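Data block below; observations after.
Because the structure is a prediction, the values reported are computed rather than measured.
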Amino acid sequence: MPPIIKTDRESMLDAVIDIIESDGVEAVSARNVSARLNISTQPIYREFGDMEGLTKAARDRGYQIFWEYIKGDALDQAVKYVVFASEHKNLFRFLFGGAGYSYDGLEDLSHRLIPSTDIIGRIAEITSLSTEKAYRVHLYIWMALSGIAHCAVDNNLTIDENEIKEFTVELSSALGKFYKEGGGVRA
């Protein structure tokens, strides 16, 4: 009888992330994961139930990797967000590409994807803006950086971290000034 090979949940998730990074999410299958680990597909289904369970667990792991990567102050996070997209294109697409997602407007989108209330508080403190206006500043900065990040993923944009930093600081300053002067949407 052949030896029983024991593979844990973490190893399976590492294999899924490796497949996503190298070949894209389209290449994720129980068969490809099992081949990468040299096991049968049975332990994968036993651990995750089905491919939906595996995909959800992989997305959770991907977000752990992402948040660990962008640790730092608000400016570091902004720059690292774009750099992450450039260096981990397939994982970024998997996490932020939008496939299978739907949002009910900008508020829903931002509340699901911007959990950084500490950054919003810091923006309010630095700029003397209300929390709501600081939230808007953060939302608009995030939207602009997301556009740059998606260009880095889809168009082979060369990332200059200092340029991203300058852009973020200048945009923050302009938005802060706009809101301090009573800016808002005018009909």
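- Side chain of Asp50 to backbone of Glu52: a donor-acceptor contact under 3.5 angstrom is found.
- The same ILVMFWY cluster, assembled from side-chain heavy atoms under 4.5 Å apart, contains both Trp67 and Phe94.
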If you look only at distance, which donor and acceptor atoms sit under 3.5 Å apart when one is on a side chain in residues 159-168 and the other is two or more places apart or in another chain?
| from | atom 1 | to | atom 2 | distance (Å) |
| --- | --- | --- | --- | --- |
| Asp160 | OD1 | Asn162 | N | 3.0 |
| Asp160 | OD1 | Glu163 | N | 3.2 |
| Thr168 | OG1 | Ile164 | O | 2.8 |

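- Proximity of Val137 to Ile141: side-chain heavy atoms (C-beta onward) are separated by under 4.5 Å at one or more points.
- Side chains of Val25 and Arg93 form no contact here, defined as non-hydrogen atoms less than 4.5 Å apart.
- Smallest separation of non-hydrogen atoms from Gly62 and Leu91: CA-CD1, 4.2 Å.
- Across all their heavy atoms, Ala152 and Lys89 have their closest contact at O-NZ, 3.1 Å.
- Shown here are the side-chain hydrogen bond (donor to acceptor under 3.5 Å, both in side chains) partners of Ser11, two or more places apart in sequence or in another chain: Asp8.
- The two atoms that bring Ala58 and Leu13 nearest to each other are N-CD2, 3.7 Å, heavy atoms only.
- Side-chain polar atoms of Tyr140 and Arg136 form a donor-acceptor pair below 3.5 angstrom.
- The hydrophobic clustering, which links ILVMFWY residues whose side-chain heavy atoms are closer than 4.5 Å, places Met143 and Tyr135 together.
- Ring geometry, Phe66 versus Tyr63: the interplanar angle exceeds 60°, so the pair is classed perpendicular (tilted spans 30 to 60°).
- Residues Ser34 and Thr41 approach most closely at OG-CG2, 3.5 Å, considering heavy atoms.
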Please report, to 0.1 Å, the donor-acceptor pairs under 3.5 Å made by any side chain of residues 16-24, with sequence neighbours excluded.
| from | atom 1 | to | atom 2 | distance (Å) |
| --- | --- | --- | --- | --- |
| Glu21 | OE1 | His88 | ND1 | 3.4 |
| Glu21 | OE2 | His88 | ND1 | 2.8 |
| Ser22 | OG | Asp18 | O | 3.0 |
| Ser22 | OG | Ile19 | O | 3.4 |

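- By the neighbour-count criterion of 12 heavy atoms within 6.0 Å, atom CZ of Arg9 is densely surrounded, having more than that number from other residues, nucleotides or ligands.
- Hydrophobic clustering, with ILVMFWY side chains joined whenever heavy atoms are under 4.5 angstrom apart, keeps Ile120 apart from Leu75.
- Of all heavy-atom pairs between Arg36 and Ala15, the closest is CG-CB, 4.2 Å.
- In this structure, Tyr69 and Lys80 approach most closely via the heavy-atom pair O-CD, 3.3 Å.
- Two residues are said to be in side-chain contact when any heavy atoms from C-beta on lie closer than 4.5 Å; Glu87 and Phe92 fail this criterion.
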